[in-house]
Amino acid sequence: MKTKSGLRFGSALTAPMSGTDDLYVYVMVESSGCACIVGKPLETEYDKKTKTYTAEYGGHVIEAINKAKAVLLVDGQEVDRQEHLLDSFLILSSKADENGKRYMAVHDGITNGIKVLCTVYGDAENIG
């Protein structure tokens with residue numbers, strides 16, 4: 001995967017990982033560093049009124065709320081919250097399960113102008 005040419009503040013790259021059970025790698029490269037996770041991108045429904053992305057996976061309901069401060073909920077319980085109001089990119093995460101896997105919500109306000117893109121992952125690991 002590669003980005004299109006042109007001026008940008010950061011680049012998000014995603015690609016399927018061959019030989020895995022539908023896992024993808026997600027990499028955000030920006031001026032302040034790089035973030036990388038591996039996980040299954042989950043199909044979400046977006047509620048414009050509540051600004052909530054909702055997915056169901058592994059018997060759980062995962063909600064990524066994208067308001068003034070982003071929040072990640074699993075089965076209605078808050079598991080992570082945005083600390084700094086001015087973050088333009090962040091990854092919210094649940095605690096790791098017994099297999100080291102998590103639910104993660106990537107909030108990307110860098111690569112798409114004003115609109116924040118949100119992707120929710122299951123079976124996710126933070127690589128770096």
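In this text, all values refer to a predicted model and were calculated from it rather than measured experimentally.
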Does some side-chain heavy atom of K40 sit less than 4.5 Å from a side-chain heavy atom of Y57? yes
Determine whether E45 and T52 make a side-chain contact, defined as any pair of heavy atoms from C-beta on separated by less than 4.5 Å. no
Given the rule that I, L, V, M, F, W and Y join up when any side-chain heavy atoms are under 4.5 Å apart, are L42 and L117 in one cluster? no
By salt bridge (Lys or Arg N to Asp or Glu O under 4.0 Å) - contacts of E63 (at least two apart): none
Between [X] and [Y], which heavy-atom pair has the shortest distance, and what is it?
X	Y	result
I37	M104	CG2-SD, 3.7 Å
A55	T44	CB-CG2, 3.9 Å
L90	A70	CD1-CB, 4.5 Å
L72	A105	CD1-CB, 4.0 Å

Does the side chain of Y103 come under 3.5 Å of the side chain of D123 through a donor N or O and an acceptor N or O? no
Distance-only, no hydrogens or angles: does the [X] side chain make a donor-acceptor pair with backbone N or O of [Y] under 3.5 Å?
X	Y	result
D75	V61	yes
K69	R81	no
N99	K101	no

With rounding to the nearest 0.5 Å, note down the distance linking [atom1] in [X] to [atom2] in [Y].
X	Y	atom1	atom2	value
H107	Q82	NE2	CD	7.5 Å
L92	E78	CG	CD	9.5 Å
H60	S94	NE2	OG	9.0 Å
I91	N126	CD1	CG	6.0 Å
R102	Y121	CZ	OH	16.0 Å
D47	I65	CG	CD1	10.0 Å

Look at the aromatic rings of Y53 and Y46 and report parallel, tilted or perpendicular, splitting at 30° and 60°. tilted
